[in-house]
Every structure is written in structure tokens, then in C-alpha cells.
Amino acid sequence: MPVHGLTPILLRLLPLWMILTPISSRLIQRTALCNHAQLTSVPSELPRNIEELQLNYNHIQTLRGDSLLAYPSLNSLSLASNALEKIESDTFQNSKLLKSLNLANNSLHIGTQETSDALKKLPGLRALDLSENKLWDEMVITLLQNLTSLEYLNLSGNLLQRLDETYFGDLRQLKELDLQRNVIFEIDSAFHGNTKLQRLNLAYNYLPCLTDFQMTQLVVLNASHNFIEWFISRQDLNDTFQLETLDLSDNKLLFFPFLPSHSRLRNLYLAHNTLRFYENLDFPNSTTSVEFYNLNKNVSNITAQLWNDSLHGDISSLEILDLRVNQVQYFPQGFIQKMSALFRLQMCKNCLKSLNLTSEQFSGSLYELDVSDNRLNEIVADERTLATLGNLTYFNLSLNDLGGLPSGLFSSLPSLRSVDLSYNNVDICFSEEAEISTDTFASCVDWKNVVSLEQLYLKGCNLQVIPRTAFAGLSLTHLELSNNPGLIVQQPMQSLSRTLQHLGLGNTHIQDFDFSSFENLRFLNISRNSLAHLPQSLLNLDLKVLDLRDNRLSTIPPGVANALAPKLRFVFLTGNPFNCCQTEWFRTFEKTKTISMVEQSDIECEDPLVTTHRVQHLPSFVCSGDARESIFWYIVLFVPICLSFVGISAIVLFTFKPKMLKKSIKKKCLKRTSY
Ligand SMILES: *[C@@H]1O[C@H](CO)[C@@H](O)[C@H](O)[C@H]1NC(C)=O
Ligand SMILES: *[C@@H]1O[C@H](CO)[C@@H](O)[C@H](O)[C@H]1NC(C)=O
Ligand SMILES: *[C@@H]1O[C@H](CO)[C@@H](O)[C@H](O)[C@H]1NC(C)=O
Ligand SMILES: *[C@@H]1O[C@H](CO)[C@@H](O)[C@H](O)[C@H]1NC(C)=O
Ligand SMILES: *[C@@H]1O[C@H](CO)[C@@H](O)[C@H](O)[C@H]1NC(C)=O
Ligand SMILES: *[C@@H]1O[C@H](CO)[C@@H](O)[C@H](O)[C@H]1NC(C)=O
Ligand SMILES: *[C@@H]1O[C@H](CO)[C@@H](O)[C@H](O)[C@H]1NC(C)=O
Ligand SMILES: *[C@@H]1O[C@H](CO)[C@@H](O)[C@H](O)[C@H]1NC(C)=O
Ligand SMILES: *[C@@H]1O[C@H](CO)[C@@H](O)[C@H](O)[C@H]1NC(C)=O
Ligand SMILES: *[C@@H]1O[C@H](CO)[C@@H](O)[C@H](O)[C@H]1NC(C)=O
Ligand SMILES: *[C@@H]1O[C@H](CO)[C@@H](O)[C@H](O)[C@H]1NC(C)=O
Ligand SMILES: *[C@@H]1O[C@H](CO)[C@@H](O)[C@H](O)[C@H]1NC(C)=O
């Protein structure tokens, strides 16, 4: 070991050492931190009784047999990110207390056999991290022999392909296994012996299916980011599966997973698949069983009654169901009703055409319902149904084809805090309309006196007029009205002036809006409004974010810039035809460290010749503020051009028309000149 490497480590170690081992007799964690120290071997001068040794990010290639003899109390050793190729077989002869060994991000594929012999001398090892070591199947089998006490094993980022019972058979105590980011395409009875396994991560592999799932003791299974078309669990088991979290997102599921018949499943993540229900389709004589083959030519016939929507297993404990980005057109009858503890349903980007809250019978614990970006043209609900949705807080209906909603929908939901109705064709009710209407369906929406409501999003709803009393009785903090061109808003908004913090008025064509009473406003979007001047009423507000993109601003007067700069955190300014000769505001904002001009390098201006420049790299001659100086620059630019033109003409004349030249010189010489 180079001596110069050791000194800084010991120096760093010393104060820490003193902190960690005070003279008191209480057992203190004894840790030596020697990370990032360019070491090529284990330092031998450390206190003999250390219990934890960290040697991450060094250059140790071989862990020599005698390296740890001096530290018999070691129970945790970490050697991640060295270029470790092997551990000599007698390295751990004196390390009977070692419980945790981190060998992540090394090159143990080189010396597998010797390393394996070394590991065999660790009968008490509980946690082993072998991630990122370029290990192939056979190497892993070798390394894991006899590690019977292992509880945690990390093999992520290796080159495992096919798992069977020979891999983890010895690991009877295993509780957590991380196999993500390998190239696993088949699993054949690999975990039968691991009856204590609770957490299994198979994310980012190449699995085409998970069938015959029967690990009743597993609590968390993560198989996201594979190519899974089928998830089928053993249906004939009477035991209750302990499974609580199942992540199958980013796969190729065609069917809702066939879950265990008895389980405690609470979190089911199925986003980004091609899942739908099929009962409404008629497949008269289509098969109901699927055959799965594996490399051993072992065919198994699994009958799954594919077209029977009722066979999705036990979903009664589900709290979170994430179905974002799938192809669900409807919910099977009784499906929603079975989830009596459902808390969050995420259905964004599916194909739902209608939602009958009355027939679905959502649970009273429903807190968040996101049905945005579907094809909904109706929502049906009666009063009694709405009364059960007392906990619904977040309701996203944006990007649908809704023309109306059940009357009194929002006023019947006492916990409602956030509603997004953006990009639908809804109108806001005039007060008379809402009172007269006795239908269960109203073509306009109304949220008068929904005292819990804080956030209301109405972007792109083709709104023209907002009735004077539209926001009466509300205490909104967020209101989004952007993308409603031609909207007339001033009057009705006054009732919100005390509470509003976030206001979106982008692309509404507002011109003379008076913001002065909105004293709590922190975020304001007035982009795309053809504004030629910044509204004066903004100056007294304590804004943090101001969006001014795509207007017609030619400058921001110095007084205004100076008033805004110390308050704002973010300002959006691109897409305005700024005048290059009036850009003091840019320097003001640039100098103020607390403000950030978003897309700063894309802010442009026009010079007097209508050429566009980037304000950030404005050449100083374009506009130096001094008119005479700029004329000077024009002269400096033009004179050489004129001179060269004259010169070229003269040469042409000299060369081709000598006679003419003589004449003209003669003529000129006759004239009197001023010099
Ligand atoms: C893995 O180790 C190499 C050096 O051997 C290092 O450059 C790299 O940053 C490490 N990777 C991680 C994720 O720590
Ligand atoms: C390792 O396990 C095998 C059987 O799996 C056994 O024969 C062998 O004796 C064990 N070796 C040690 C060092 O415990
Ligand atoms: C396993 O190792 C990888 C890479 O070293 C790490 O990202 C991951 O968090 C580890 N897994 C667990 C469960 O600690
Ligand atoms: C599953 O694993 C992936 C990749 O590590 C991770 O992004 C995701 O959050 C995990 N899912 C759950 C439910 O923890
Ligand atoms: C499950 O229980 C049923 C009836 O109680 C019984 O017929 C069946 O054999 C049991 N299945 C298993 C795998 O134990
Ligand atoms: C379905 O099977 C029945 C007999 O099992 C047969 O009569 C009928 O033609 C079949 N239909 C189709 C569409 O194949
Ligand atoms: C197929 O697998 C089953 C259970 O895993 C086993 O009992 C059977 O012997 C295997 N059949 C063949 C042909 O390998
Ligand atoms: C699977 O089921 C099909 C149809 O029921 C049958 O023809 C086939 O022989 C079965 N295969 C096995 C391996 O049992
Ligand atoms: C679907 O399965 C359920 C539960 O086993 C059963 O009651 C129902 O009759 C089945 N439906 C069809 C169409 O087979
Ligand atoms: C909604 O469901 C209820 C209860 O099942 C039913 O009476 C009503 O006709 C349904 N409405 C529509 C429009 O489908
Ligand atoms: C609403 O939520 C509260 C607490 O979050 C819970 O105690 C109550 O039971 C829920 N209401 C219903 C109808 O589930
Ligand atoms: C509602 O859903 C849309 C589309 O999925 C999303 O862009 C928007 O941010 C959501 N609204 C809220 C308030 O979260």
C-alpha cells in the first residue's frame, strides 16, 4: 500500500474514531470509513476492535488471505466499486462474526471459484450484495453454495438468464432477493425451497409470463419492465397469499392478472400494459386453456377461462389500483364493488366510454379517482350514490367528451378538494339555471358553496362567459382558466381575491385585468394574450412565478423590472418581440441571483434593422444605447463597402475603358473642387 494514501485516511479516521468510541462502557458502533482513498489493499493499522469497515471506491483487486486477520470483531465489510476480481479462500478464516458483505460493482466473474471457497467460511453471513459483477448462471450457483444463513441477497445487474431449483436451493433463510436488471427469460421452480422469501424483485428482465404463481409467503413481488403477457396464480390453493404489493407495470399484459383466490393484496400496479376486459366480446368456440412450454420441454396446461371476467381472483383488499395507460373499455359487473377498501383508482389514458357510479358502487373510502384522458361522454350518479363518496378528494375528468354532469355532483361530495374538468365541453351554470333544473343530468356544471374545494381546473372548455356568481362561496387557492380564448372573467373572480394563490389565464385574450386585489397570488400565467404592456397592477403583488410567454412585449420598463426582480423566483419570457435597444430589464434579472429566467438563452429581441438576436449574447454594437455611436458603427460598416465598390469600379474602368477614363478625369479636373 502506498504510504501517501494512508495518511489522509488515518487523519480522517481519527476524529471519527474518537467520536464513535467515547470512553463510556456502552457498546458503540465502531466504524472505519476508508472510502475513495485510492487504496490497493486493506489498511492494517486500524484499531483491532472495529466492527464495520467501509472500503468503497478504492482499487483493491484481490482481497488477500491475511487482510482481515487483524480485525476479528468485524461484522460488516463493504468493498463496493473496487476492481475486485477474487477473494482468496482463507480470507475469512478469522471473521466468524461477519454478517454483512457488500461486493457490489466489482469483477468477481473472474475469480468465482476461489471467492466461493472464501464465502463458504462465513456460516453466519446474513446479507450479501453481489450486484453489478458480470456474473453468469453457473458462477452464481457456485458462489451461493452453502450460504445457508443468508437473509438478503442482491444479484441485480448481472447476466442471469434462466433460473431453476439449483440456484437458491441452499438459501433456506432468504427473505429478500433482488434480481432486477438481468436477462432472465425463464423461471422454473427456482424458489420452491425459499419458504421465507418475502420480497422479490424481477424488474427489468425478459420474462414472457409468470404462470403457476404459488409463493404464498411472498409480500412484495416486482416484475415490472418485462415482457409479461400472462400472470396466472395457482387457483386451487386454499392458503391465503401474503402478497400485499404486486407491480406488473410496463409489461405486455392482455388480461387482468389471474390473482390468487385468497390474498391480502393492497397495491396493484398495472400501468402501461395492453390490458382490457373481454366479456362483451363474443368468442363463441374459442379455447379457454393456455399451454406453456419451458426449456425442459415440460408442457403445462393451465385452464384460465380467459373470457370470464369474474375470474380475477381476490381483489377485496385492494387499496391502490393503477391501470394508467391500458385499453379498458368497461369494468366487469361487480368488479369495483368488490374492492371495498379502494382508496386510489388511476385510469388515465384508457378507453372508458361511460361511468355509471350508481351501478359500479365505489367504496366509501375512495379518495382519488382519475378517469382523465378516456372517451367519457357521460357520468351517471344518483343522489344516494354520491352520498356514499364522502371521502372523495381528488377527481380528474380532464380530456374526455363530457357535455354535462349529474346535477349537484360536486355539491354532494363534501371532501372534494381538487377537480379537473379541463378539455371537456362543459358550461358553467347561471344561478337561475341550476335552481330551476330538477333533472338528474345537467348540461352545465355548478359548484356553488362547495366549501372544501381548493383547486379547480377548467382549461380548454370553450368557456365564453363566467357567470357573476360562479365562484360564490368558494375559497379556491388554484384556478386554471387557460386556453379559453375570449373569456370574460374580471367580475366573478373578485370573490376569490383573498384566497387565490395560483391563477392561469393563458390564452384567454385578457387585456385590462386588474390584479391589485389578489394579494395572495404567487403563480400567474398570462402567456399568449397579445399583451403589449405588463399590467401595472402586478407590481404590488408578491408573485413567485410569472409566465409572460408569447405576448407582444417590447420591453419591461426599468422601474417594473426592479420591482419584480427581488420577488420573483421564476419568470417565463420567450416568444416576445423585445426591442434590442431596451433590454436593461434582462441585465436586472440576470444580476438578481434569486430569480431564474426560464429558457434564458432562447429569449430573443429585434434590432432596428428587424434582425433577431438572442438577448443573452447581444453583440454590443447592435444597440449601445448611444444613437451617435451606433451611427458611427454603421459608417464604419458601410464605408469599407462603398470604398471597395468604388475601387472595383475604378479598376474595371481602368482596365476596359481607358479612353472614357481619360475624358472623365479631364472633365473632373476642369471642375472646381472644395478640397
Ligand atoms: C462502479 O465502479 C466504477 C469503478 O470501478 C466506478 O467508476 C463507477 O462509478 C461505479 N458505479 C457505481 C454505480 O457506483
Ligand atoms: C456445502 O454443502 C454441501 C451440500 O450442499 C456439503 O456436502 C458440504 O459439506 C458443504 N460444505 C461446507 C464447507 O459446509
Ligand atoms: C441492489 O443493488 C442495486 C445496484 O447496486 C441497487 O440499486 C439496489 O437498490 C439494491 N437492491 C436492494 C433491495 O437494496
Ligand atoms: C419496481 O422496481 C422498479 C425498478 O427498480 C421501481 O422503479 C419500482 O418503483 C418498483 N415498484 C414498486 C412498487 O416498488
Ligand atoms: C382446498 O379446499 C377444498 C375444499 O375445502 C378441497 O377440496 C381441496 O382439495 C383443497 N385444495 C388443496 C390444494 O388443499
Ligand atoms: C362452435 O362449436 C359448435 C359445436 O361445438 C359448432 O356447431 C359451431 O359451428 C361452432 N361455431 C364456430 C363459429 O366455429
Ligand atoms: C414437469 O414438471 C413437473 C413439476 O415441476 C415434474 O413433476 C415433471 O416430472 C416434469 N416433467 C418432465 C417431462 O420433465
Ligand atoms: C392440454 O389441453 C389440450 C386441450 O384440452 C390437450 O389437447 C393437450 O393434450 C393438453 N396438454 C397437456 C400437456 O396436458
Ligand atoms: C365465470 O366464473 C364465475 C365464477 O366461477 C361463474 O359463476 C360464472 O358462471 C362464469 N361465467 C361464465 C360465462 O362462464
Ligand atoms: C346506472 O346504473 C343504475 C343501477 O344499476 C341503473 O339503474 C341505471 O339505468 C344506469 N344508468 C345508465 C345510464 O346506464
Ligand atoms: C373516510 O376516511 C376516514 C379517514 O381517512 C375513515 O375513517 C372513514 O371510515 C372513511 N369513510 C368511509 C365511508 O370509508
Ligand atoms: C388530470 O389528468 C391530466 C391527464 O392525465 C393531467 O395532465 C393533469 O395534470 C391532471 N390534473 C391534476 C389536477 O392533477
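First listed ligand is number 1; within each ligand, the first listed atom is number 1. Owing to the predicted nature of the structure, the values given are computational and were not obtained by experimental measurement.
Test R126, R199, K99, K196 against E151 for salt bridge (Lys or Arg N to Asp or Glu O under 4.0 Å) and you get one pass: R126.
Taking any N or O of E132, backbone or side chain, none lies under 3.5 Å from an N or O belonging to ligand 3. Polar contact check, D178 against ligand 3: a nitrogen or oxygen pair lies under 3.5 Å apart. By the 3.5 Å distance cut-off applied to N or O atoms, S131 is counted among the residues near ligand 3.
Below 4.0 Å from some heavy atom of Y269 lie the following atoms of ligand 4, by number and element: 13 (C). The atoms of ligand 1 that sit less than 4.0 Å from any heavy atom of Y57 are 14 (O). Listed by number with element, the atoms of ligand 4 under 4.0 angstrom from any heavy atom of S224 are 1 (C), 2 (O), 3 (C).
Using a 4.0 Å threshold on non-hydrogen atoms, atom 4 (C) of ligand 1 does not count as touching the protein.
By the 4.0 Å N-to-carboxylate-O rule, R162 lies close enough to D188 to be salt-bridged with it. The residues R266 and E319 are annotated as salt-bridged, a charged nitrogen and a carboxylate oxygen being separated by less than 4.0 angstrom. Of the charged side-chain nitrogens involved, none lies within less than 4.0 Å of a carboxylate oxygen, so that R64 and E88 do not count as a salt-bridged pair.
A distance-only check finds no donor-acceptor pair linking the side chain of D117 to the backbone of E114 [under 3.5 Å]. T477 contributes a side-chain N or O that, together with a main-chain N or O of E454, makes up a donor-acceptor pair within less than 3.5 Å.
Judged by the shortest distance from any of its heavy atoms, R181 lies outside the 4.0 Å radius around the atoms of ligand 3. Using a 4.0 Å heavy-atom cutoff, S156 is listed among the residues neighbouring ligand 3.
Contacts of Q180 with ligand 4, taken as heavy-atom pairs under 4.0 Å, involve the side chain alone.
Counting only non-hydrogen atoms, the option in N106, N105, N82, L84 that gets closest to atom 13 (C) of ligand 1 is N105.
Ring centroid separation for the pair Y167 and F191 does not come in under the 6.0 Å cut-off.
The nearest protein atom to atom 11 (N) of ligand 4, hydrogens excluded, is given as D247 OD2, 2.7 Å; this is a heavy-atom distance.
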